[in-house]
Amino acid sequence: MPAAAVGGGGWRPSRRAALFGGLCLCCLPSLSRSAEAFAMDEVGPGVFVRRGPDAEATAENNDAIANIGFIVGTEGVLVTESGGSLADGRWLRAEIRKRTDKPIRYVVLSHVHPDHCFGAAAFAEDRPVFVGHRDLRGALDARGAFYRTRLVEILGEERTGTVVYPTLEVRDEAEIDLGGRKLRFTAHGVAHTNCDLSMLDTGSGLLFPADLLFVGRVPSLDGSLIGWLKEIERLKGMGASRAVPGHGPTSVELAAGLADLGRYLSRLRDETRKAIAADLPIDKAVSTVAGDERGNWSLFDLYNGRNVTQAYKELEWE
Amino acid sequence: MKPFALALALSLSAGAISAGAAHAAGASDTDEERAARWREIQTSIFGDRKVETTDALIKVDAPVRAMDAALVPITLTMPEKDRIAAVHLIIDDNPSPYAAQVTFGPAADPGELKLRVRVNNYTNVHAVAETKDGKLFETTKFVKASGGCSAPMGMSDEEAMKGMGDMRLKFAGEPQGGKPMEATLMIRHPNFSGMQMNQLTREYTPARYIQRVEVSYGAKNVLTLTGDISISSNPVINFAFLPEGKGPIRVVASDNQNGRWEQSFDAPSPSN
């Protein structure tokens with residue numbers, strides 16, 4: 001795909017936003033202000049990724065905060081991550097259609113978090129296979145409605161979308177042939193969440209660890225701290241040198257990204273254990289544990305205390 | 001008192017489930033609306049008894065903005081501890097506001113108590129101290145959090161119920177004659193709020209929560225906690241007791257579905 005076309009697709013709306021933005025920002029539909037202002041990076045042959053900004057879901061950003069994208073094979077298209085809302089998913093679908101007419105055969109639901117799976121409903125008309133971890137269904141059972149309610153509060157009913165369940169559930173490993181390239185899936189143990197699915201693209205050699213890898217944005221712990229550290233070791237041995245993280249730049253050196261993540265999580269583990277051993281209660285631990293990491297991550301103050309709470313809950317029963 | 005709280009839980013949570021009623025009482029309420037709600041709750045729990053405002057007899061400490069609405073650490077401090085017979089914790093805008101009542105026995109040191117609670121909305125948290133001469137004193141703190149009661153557990157119900165009733169008791173420091181000792185009681189229990197939904201069945205996991213915890217040291221009562229759905233899953237209570245004698249510390253916990261668990265712990269006692 002020529003780079004000029006990629007750039008052109010993203011540029012026009014953002015210039016329009018710039019022209020009108022200063023005059024009457026409030027009158028512009030938020031859809032054109034947010035999602036369309038993004039550009040797609042071609043991070044490997046036939047691999048397109050949009051960088052999600054390091055932000056929380058807001059009415060203005062359509063929850064378009066994760067790195068989402070697609071891979072084009074000779075037989076069809078695979079969506080690597082669907083987006084954070086129906087609006088975000090629709091935007092992604094339009095980006096795909098600017099570049100290829102091939103059928104959208106697969107949509108990956110990398111884990112249960114809303115910024116990764118609420119775009120799925122935008123692809124319903126393509127009747128794709130929705131690929132997810134064996135435990136994604138149960139996680140969506142427990143949380144889907146809750147997430148939807150919260151997202152509707154922020155975005156409104158129309159832009160939110162429905163909960164979409166996986167139709168291909170990966171027990172341990174699975175492989176898909178997209179024509180000229182294969183995608184290898186791995187269902188991980190409880191780590192970032194209890195249903196993290198990673199994917200390796202043989203066409204580009206890129207690993208898609210989804211939110212098992214955060215780069216720059218502070219990781220959020222919602223599964224198991226000990227489990228996540230274990231899965232980091234597994235990711236190191238998957239034969240990839242570059243990866244598309246769930247949050248952060250559109251592609252990174254895998255080893256360097258995992259090293260930073262591992263350092264943060266190890267510090268979280270060690271200092272939480274110390275706090276528990278010293279009878280430091282949870283309300284004190286949240287403001288001290290892993291404090292030395294503050295300068296290394298964006299949104300640190302929003303998530304670190306929450307991570308300490310999670311870690312404390314997990315480790316106090318050790 | 002307790003039957004009221006349960007009745008309130010049922011009526012209000014049914015409303016919350018229907019259509020964003022929980023949202024109606026929320027961040028934008030005026031001080032007058034909040035005061036009116038507190039008066040209503042206060043009358044329901046304490047009847048005609050006078051509840052005076054205090055900044056001496058009880059203090060409540062909680063994060064202004066909760067990091068995890070399903071686990072908000074609360075610290076109650078009672079500086080004039082010898083006067084305290086019981087404390088009550090009320091989370092005004094929770095579907096079942098009366099979160100906990102703790103009565104102290106002769107083996108208690110009621111200077112400080114820590115609990116972890118769910119907060120469902122921007123709310124006033126009221127702590128009420130009941131003195132040994134039967135008077136009531138309240139203090140309040142505003143907490144910003146939302147969704148704590150309906151937040152899913154992050155695991156299946158079966159998984160959340162694993163090891164239900166397991167307990168641990170940890171002690172801080174070494175016992176010294178005549179000095180109170182801090183203890184942390186941990187109980188494995190999902191404390192299902194009844195507001196956590198299963199999307200597939202479209203049904204709410206029925207409320208199942210720790211209703212009563214009795215802690216004794218030897219033959220003496222340390223404390224009795226009456227709990228509700230606002231207590232976080234895997235309840236943890238920090239308290240202090242007077243290690244005068246040999247113990248043991250006995251904990252009896254029961255929930256609203258006839259679950260009952262009992263465990264004895266070797267209690268530290270002053271060796272000389």
Side-chain angles (χ1 to χ4, degrees), chain A residues 111-113 135-154 157 162-165 190 192-195 220-224 276-287 289 300-318, chain B residues 16-17 19-20 22-23 26 61-63 65-75 112 114-116 146-147 149-160 162-163 166-168 170-173 182-184 186-188 195-205 232-234 236 238:
Chain A
H111 61 292
V112 69
H113 284 161
D135 290 327
L136 176 62
R137 175 170 293 274
L140 287 169
D141 283 348
R143 297 181 170 201
F146 175 76
Y147 284 150
R148 208 180 102 76
T149 306
R150 304 302 296 276
L151 211 49
V152 168
E153 282 173 17
I154 298 168
E157 185 72 40
T162 53
V163 176
V164 174
Y165 281 86
V190 181
H192 166 62
T193 66
N194 72 338
C195 50
S220 76
L221 172 62
D222 193 19
S224 162
I276 293 167
D279 294 308
L280 190 72
I282 203 163
D283 53 310
K284 299 282 193 303
V286 292
S287 52
V289 168
F300 184 86
D301 291 332
L302 265 177
Y303 283 91
N304 187 60
R306 216 178 294 182
N307 291 342
V308 175
T309 306
Q310 291 293 321
Y312 201 106
K313 272 199 286 194
E314 178 180 341
L315 301 177
E316 71 184 340
W317 284 92
E318 274 185 332
Chain B
I17 286 158
H23 210 58
D61 193 29
R65 186 175 285 280
M67 307 205 185
D68 180 348
L71 198 168
V72 181
I74 301 274
T75 303
E112 189 183 83
K114 287 175 191 274
L115 288 167
R116 300 173 183 176
S146 68
C149 295
S150 51
M153 307 264 299
M155 57 187 86
S156 67
D157 292 357
E158 293 72 28
E159 218 175 311
K162 263 186 208 160
D166 286 357
M167 294 183 205
R168 284 197 198 172
K170 299 197 295 183
F171 303 100
E182 266 184 56
T184 304
M186 301 160 59
I187 305 174
R188 276 265 189 219
M195 296 173 65
Q196 294 146 326
M197 192 196 215
N198 181 309
Q199 155 114 3
L200 194 69
T201 59
R202 290 264 154 200
E203 280 170 8
Y204 292 87
T205 303
S232 302
S233 60
N234 299 322
V236 175
N238 295 72

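- If you measure heavy-atom distances from B:Ala151 to chain A, the contacts under 4.5 Å come from both the backbone and the side chain.
- A donor-acceptor pair is defined here as one N or O able to donate and one able to accept, closer than 3.5 Å; no such pair exists between the side chain of A:Arg306 and the backbone of B:Asp68.
- Nearest approach of B:Ser146 to A:Arg150, heavy atoms of both residues: OG-NH2, 3.2 Å.
- Looking at A:Ile276, both its backbone and its side chain come within 4.5 Å of chain B, counting heavy atoms on both sides.
- Atoms CD1 and OG1, from A:Ile282 and B:Thr184 in turn, are 11.5 Å apart once rounded to the nearest 0.5 Å.
- Only the side chain of A:Gln310 has a heavy atom closer than 4.5 Å to any heavy atom of chain B.
- B:Asn234 approaches A:Trp317 most closely through the heavy-atom pair CB-NE1, 4.4 Å.
- Sparse packing is recorded around CD of B:Glu182, with 12 or fewer heavy atoms of other residues, nucleotides or ligands lying under 6.0 Å away.
- Taking NZ of A:Lys313 as the reference point, atom CZ of B:Arg116 lies at 9.0 Å (rounded to 0.5 Å).
- For a residue to count as touching a neighbouring chain, one of its non-hydrogen atoms must lie under 4.5 Å from one of that chain's; by this rule A:Arg148 does not touch chain B.
- For a residue to count as touching a neighbouring chain, one of its non-hydrogen atoms must lie under 4.5 Å from one of that chain's; by this rule B:Val72 does not touch chain A.
- Within the 4.5 angstrom heavy-atom criterion, atoms from both the backbone and the side chain of A:Asp283 approach chain B.
- Checking A:Asp301, A:Asn304, A:Val286 one by one against B:Met67, the side-chain contact (heavy atoms from CB on, under 4.5 Å) holds for a single residue, A:Val286.
- In this structure, A:Pro281 and B:Lys114 approach most closely via the heavy-atom pair CG-NZ, 3.8 Å.
- For B:Gly147 against A:Phe146, the heavy-atom pair with the smallest separation is O-CE1, 4.1 Å.
- In this structure, A:Glu318 does not pair ionically with B:Arg168, as no charged nitrogen and carboxylate oxygen lie closer than 4.0 Å.
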